[in-house]
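Notes to accompany the following structure.
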2 protein chains.
Amino acid sequence: MKTVYERTDVVPLLAEIFRELGYEGTSLSRITERTGIGKGSLYHFFPGGKEEMASAVIAEIDAWFEHAIYRPLRNDDAGKAIAAMWTNVNDYFRSGGRICLVGAFALDDTRERFSAAIGDYFIRWIDALCSALMRAGCTGEKAQALAEECVSGIQGALVLSRALGDKTVFTRSLETLAKRLDAAVR
Amino acid sequence: MKTVYERTDVVPLLAEIFRELGYEGTSLSRITERTGIGKGSLYHFFPGGKEEMASAVIAEIDAWFEHAIYRPLRNDDAGKAIAAMWTNVNDYFRSGGRICLVGAFALDDTRERFSAAIGDYFIRWIDALCSALMRAGCTGEKAQALAEECVSGIQGALVLSRALGDKTVFTRSLETLAKRLDAAVR
DNA sequence: TGCATACTGTACCTATCGGTACAGAGATTG
DNA sequence: CAATCTCTGTACCGATAGGTACAGTATGCA
């Protein structure tokens, strides 16, 4: 028996590996070892090699956030979209058990390879949240500051909860941030 | 002419390289390329190889924070120590131009190698800040939450400012956090 | 001055890195 | 059924990884 993959199947598997090992820490042999997918298949789907694999992963993550978080924040009822953001973020990051690939890539030299996509991911998150906050009654300045603080706070919470090996740090941080938005809006 | 190093001279040079390239991204040849220090010297100072180099770097960073930030927070006048923390943090991280090596190591698999030291660095920071806040009049619960929020917030600000390539994100975040502590204390 | 110690450069080792080439297997289509 | 297209496994490539061995050069101290 022999498993046949499509590109679509492979990207999420790659995502988990890049997330855990980082860009430099991810080797083709580790990918094969953990997924069973050989070089032949990998280079068939991603002729650009490792860099294209990571690019595809970032693009998929970006698309998920766009659909599940950014678009609702921009278009739907502000209060509901913000509430949905918190539950989606908590689920996506497995209550602190999963890190943010995009944030991790931003920290080291890997950033140079993907700086445009990395910047975009965060700027669009902040802009979308800012838009929701303004529709909910915040002034532009206040909304911008709060949005930045939330996105930054989520990243910090991921770092700290992983550093301490304590997921409750993440969930607690999320609650604090959510309350702060709530207080600013009502 | 020939430069002769001591271990003490080498550690800060290594620190900057690990910071920029990450643990996996740092190779011995890159170290030699950027410092002029050859393998002979490196393995003389660090017989345990790359892992011992990174360990030494973490230990030095930890010692710096202990001396410049944690100890004052625990022992000196609370208000002054907190104020000093903010300026020291801003200087140390070059207003967002430099990342936190310990936080970066926490994010990927590198964490497994240094988890004890990583956890320690953050737990001691939080404890020290918590102690200062309590001496300044906060209740234990409130102090703990604020301390966690500040340390986490600094990490998030580093991630976000680097992701956006915008140092003002970092300095602005620091100001917001500082004001929040100030408000809680007075 | 002589000797031990601290440091450095070079040559070399094996394992693995990312990447390429390509023939063959399976399914899809005419 | 034949031809085509998509996917896969294997064998390879040169380059570089981390690490070792060791002779040579400074340096500090008696």
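In what follows, every chain begins at residue 1, and chains take the letters A, B, ... in the order their sequences are listed. These numbers come from a predicted model, not from an experiment.
At whole-Å resolution of the value, CG in Leu42(A) and P in dT20(C) are 13 Å apart. Here the P atom of nucleotide dA15(C) and the CD atom of Glu33(A) are 17 Å apart, to the nearest Å. Rounded to whole angstrom, the span from the CD1 atom of Ile37(A) across to the C1' atom of dG9(D) amounts to 13 Å. In this structure, the CG atom of Asp9(A) is 16 Å from the P atom of dT6(D), given to the nearest Å.
Ion pairing between a basic and an acidic side chain is recognised when a charged N comes within 4.0 Å of a carboxylate O; Lys39(B) and Glu33(B) show no such pairing. Under the 4.0 Å criterion applied to side-chain N and carboxylate O atoms, Arg111(A) and Glu20(B) are not assigned as salt-bridge partners.
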Q. When you check every protein heavy atom under 4.0 Å of nucleotides 15-22 of chain D, what one-letter string (B, S, -) results, 5' to 3'?
A. --SBBB--
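Considering Asp109(B), Thr110(B), Asp108(B) as possible partners of Leu21(A), the one that fulfils the side chain to side chain contact (heavy atoms under 4.5 Å, CB included) test is Asp109(B).
When only modelled atom types and interatomic distance are considered, Arg135(A) and Ser131(A) share a side-chain donor-acceptor pair under 3.5 Å. If you check the side chains of Arg172(A) and Thr168(A), you find a donor sitting under 3.5 Å from an acceptor.
With Tyr92(A) as the aromatic partner, Arg98(A) meets the cation-pi criteria of under 6.0 angstrom to the ring centre and within 45 degrees of the ring axis.
Put simply, His44(B) has no side-chain N or O that comes within less than 4.0 Å of OP1 or OP2 on dT8(C).
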